[in-house]
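Right, one structure below, let's go through it.
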Amino acid sequence: MAKLESKVPSGPLADKWRKHKTEIKLVNPANKRKYEVIVVGAGLAGSSCAATLAELGYKVKNFVFHDSPRRAHSIAAQGGINAAKNYQNDGDSVHRLFYDTLKGGDYRAREANVHRLAEVSVNIIDQCAAQGVPFAREYGGLLANRSFGGAQVSRTFYARGQTGQQLLLGAYSALSRMVGAGGVELHTNSEMLDLVVVDGHAKGIIVRDLVTGAITRHSADAVVLATGGYGNVFNLSTYARGSNATAIWRAYKRGACLANPCYTQIHPTCIPVSGDYQSKLTLMSESLRNDGRIWVPKKKEDAKKNPADIPEADRDYYLERIYPSFGNLAPRDVSSRAAMRMCDEGRGVGETGLGVYLDFADAIKRLGEPAVRERYGNLFDIYHEITAENAYKTPMRIFPAVHYTMGGLWVDYNLMSNIPGLFVLGEANFSDHGANRLGASALMQGLADGYFVIPYTIGDYLAGQKPGSRPAPDRAEFKQAEESVMGMNSRLLANKGRQPVSHFHKRLGKIMWEHCGMARTKAGLEAALQKIPALREEFHATVKVPGSADTLNQSLEQAGRVADFIELGELLCRDALTREESCGGHFREEYQWPDGECKRDDEKFGHVAAWEYQGEGKAPLRNAEPLNYEFTKMSVRSYK
Ligand SMILES: Cc1cc2nc3c(=O)[nH]c(=O)nc-3n(C[C@H](O)[C@H](O)[C@H](O)COP(=O)(O)OP(=O)(O)OC[C@H]3O[C@@H](n4cnc5c(N)ncnc54)[C@H](O)[C@@H]3O)c2cc1C
């Protein structure tokens with residue numbers, strides 16, 4: 001059984017992080033250059049981490065499967081990043097951001113982690129502004145804010161609808177500076193395919209060069225994974241098509257626990273699915289809900305009518321009606337389920353009936369079209385590109401889609417997994433969002449982890465490792481991991497099947513969406529747990545992977561990733577089945593209040609479920625880390 005010690009420091013909540021920083025071990029500046037740290041990933045979490053560790057003096061090797069760090073999925077983030085600056089003087093504070101985030105996560109996150117996140121949020125904005133990130137500004141020069149779901153204050157900093165891109169360019173410049181200065185050795189087109197564990201500690205990785213196919217071994221004193229989320233297990237999602245779970249899944253198979261895999265975020269504001277051959281879904285940022293009003297017709301008969309022909313009196317602004325305090329800014333899980341209920345009642349719009357309107361007519365009347373264009377122009381352009389509709393003239397059609405995974409590798413307060421020396425940052429870990437992430441808090445967490453947490457906590461681990469003691473890559477553990485990677489690739493290539501990899505990914509996605517999507521039931525999850533192992537067998541028997549291993553081969557890359565998704569999908573369903581309650585993004589139909597809201601069971605499930613791999617063909621072990629709420633009361637979440 002895995003040892004899950006959260007290592008949350010003692011003392012008052014607001015003092016824990018400050019106290020911890022003064023108590024953890026340090027590495028002497030002259031010794032830092034004797035340590036090598038592998039960082040996998042250069043999205044916001046990875047590039048901020050690699051740059052900062054190198055600035056501190058550590059030798060960093062940074063690996064990304066992309067051809068440039070600038071292609072990380074973080075570049076897609078649109079709406080903004082939260083911080084408790086209270087520039088609006090509207091009552092925000094560190095405590096309020098902490099409380100909103102904890103409540104938003106339906107009381108399934110660690111109090112101390114969330115408080116630290118709220119504390120360092122203010123430093124992130126200063127750091128990024130100093131790097132030159134062009135945040136939107138008010139007329140007087142102060143940084144501007146807008147509102148996001150689950151909050152009654154405006155605390156979201158933004159750069160039009162391209163906040164992730166601008167933040168990533170900031171972090172990438174910090175990273176490039178350290179690449180130029182020799183502190184970071186950057187390996188692009190390099191995919192980590194296994195973790196190497198030596199004497200119980202993470203000490204290296206196995207990497208495939210995606211251009212030449214060469215497999216190489218890399219040893220280090222510590223390994224950091226910042227490899228993003230696994231939402232593409234559903235095939236269709238708002239994620240970049242390349243986002244995958246391979247790094248964390250292979251670390252799981254080496255002993256790292258995977259926490260709360262079933263906590264998936266379904267975003268209410270995406271462009272509806274339009275056909276069978278679609279390869280991804282597109283987000284319309286939550287920021288649009290600041291000014292857009294969501295509605296469906298009151299009468300089923302009106303669902304197919306042109307929206308312009310439906311009079312005001314026949315429209316149901318259902319979020320404003322059901323959740324008057326938060327209205328259109330109710331949190332994502334709540335808004336998504338409400339949209340689904342409207343469609344289930346037959347009031348969904350668009351050809352498929354799986355859509356609701358997001359209408360800017362009132363905002364345009366109130367602010368004028370130029371002001372709306374100024375705030376959201378690029379999002380309206382994206383919508384037009386995809387649907388050929390002009391959202392300045394007719395309401396957008398939106399529908400929920402998979403968008404973020406709150407689950408991930410289990411980490412303690414220091415962001416270290418249960419394998420000593422293996423740290424996990426950003427979306428790849430499970431740490432701060434509980435069962436539902438509030439909008440604009442993923443960027444905050446990724447940058448908090450990379451710029452402000454790991455630079456302290458990794459020292460605590462490295463101080464206990466003798467400088468220069470990292471294992472040589474010719475050790476048996478490296479050889480075994482390398483052989484395992486090569487063996488898997490050879491088996492996939494040798495298969496005499498006929499079906500392309502995408503065929504299996506699509507089928508997995510359908511099973512996941514149907515049985516483990518927005519609403520889950522015992523019977524549905526049990527059915528999925530029959531179908532997925534059968535799909536896995538079929539995949540290994542009939543998949544066709546053309547080409548060879550010693551050159552660029554995207555089919556081979558995809559095959560490995562989809563093989564991992566199939567296994568991860570099974571764990572996700574298992575986790576969802578055993579969590580017999582509804583909380584945040586995990587909605588079990590059997591556990592709901594009469595008004596359709598989540599019914600939690602704090603007594604039985606007020607814990608983190610951390611799954612431990614037991615070997616091929618064996619059921620994984622479910623460990624539990626209790627969530628002790630010392631400073632906040634686990635209460636029923638209400639946005640009414
Ligand atoms: C459309 C969209 C809009 C969003 N908007 C917002 C927003 O407005 N505000 C907000 O807070 N959040 C937003 N999010 C969520 C947020 O963008 C992500 O959660 C966050 O950017 C993830 O950052 P990351 O650094 O953890 O991972 P990523 O940015 O996904 O980076 C992962 C990195 O890991 C590398 N990698 C992965 N696996 C391997 C491997 N095996 N080997 C080598 N390298 C590997 C990749 O190359 C990449 O560099 C949005 C998400 C989407 C999809």
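In listed order, ligands and their atoms are each counted from 1.
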Going by heavy atoms, is G229 under 4.0 Å from ligand 1? no
List ligand 1 atoms under 4.0 Å from A226, heavy atoms only on the residue side. 32 (C), 33 (C), 34 (O)
Pair H218 + F63: ring centers closer than 6.0 Å: yes
With backbone taken as N, CA, C and O and side chain as the heavy atoms from C-beta onward, which portion of V40 lies under 4.0 Å from ligand 1: side chain, backbone, both, or neither? side chain
Counting neighbours of NZ on K253 that are heavy atoms of other residues, nucleotides or ligands and sit closer than 6.0 Å, is the number greater than 12? yes
For ligand 1, which atoms, with element, lie under 4.0 Å from some heavy atom of A72? 29 (O), 31 (O), 48 (C), 49 (O)
Under the side-chain hydrogen bond (donor to acceptor under 3.5 Å, both in side chains) test, residues paired with R289 that sit two or more places apart: E286, S335
F504/F565 aromatic ring centres below 6.0 Å: no
G164 heavy atom under 4.0 Å from ligand 1: no
Regarding E191 and R561, does a basic nitrogen lie under 4.0 Å from an acidic carboxylate oxygen? yes
Side chain, backbone, both or neither: T246 near ligand 1, heavy atoms under 4.0 Å: neither
For P69, which part has a heavy atom under 4.0 Å from ligand 1: side chain, backbone, both, or neither? neither
Closest by any non-hydrogen atom to atom 22 (C) of ligand 1: pick that one out of E427, R208, H433. E427
Decide whether the shortest distance between a heavy atom of T238 and an atom of ligand 1 is less than 4.0 Å. yes
Is S237 near ligand 1, meaning one of its heavy atoms is under 4.0 Å from it? no
With heavy atoms under 4.0 Å as the rule, classify the contact between S287 and ligand 1 as side chain, backbone, both or neither. neither
From I386, L281, I398, residue fulfilling side chain to side chain contact (heavy atoms under 4.5 Å, CB included) relative to I271: I386
Counting only heavy atoms closer than 4.0 Å, does ligand 1 sit against the backbone of R437, its side chain, both, or neither? side chain
Out of T227, D449, N429, who gets a non-hydrogen atom closest to atom 37 (C) of ligand 1? T227
side-chain hydrogen bond (donor to acceptor under 3.5 Å, both in side chains) pairs touching residues 148-161, sequence neighbours excluded, are N82-T156, D92-R155, D100-R155, S147-S154
L283, any N or O under 3.5 Å of ligand 1 N or O: no
F65 contact mode with ligand 1 (heavy-atom cut-off under 4.0 Å): both
Does G446 reach ligand 1, in the sense of a heavy atom lying below 4.0 Å from it? no
Regarding Q445 and D449, is there a side-chain donor-to-acceptor distance under 3.5 Å anywhere? yes
Are D194 and R217 within salt-bridge range, i.e. N to O under 4.0 Å? no
Indicate, as side chain, backbone, both or neither, the part of S243 found under 4.0 angstrom from ligand 1 when only non-hydrogen atoms are considered. neither
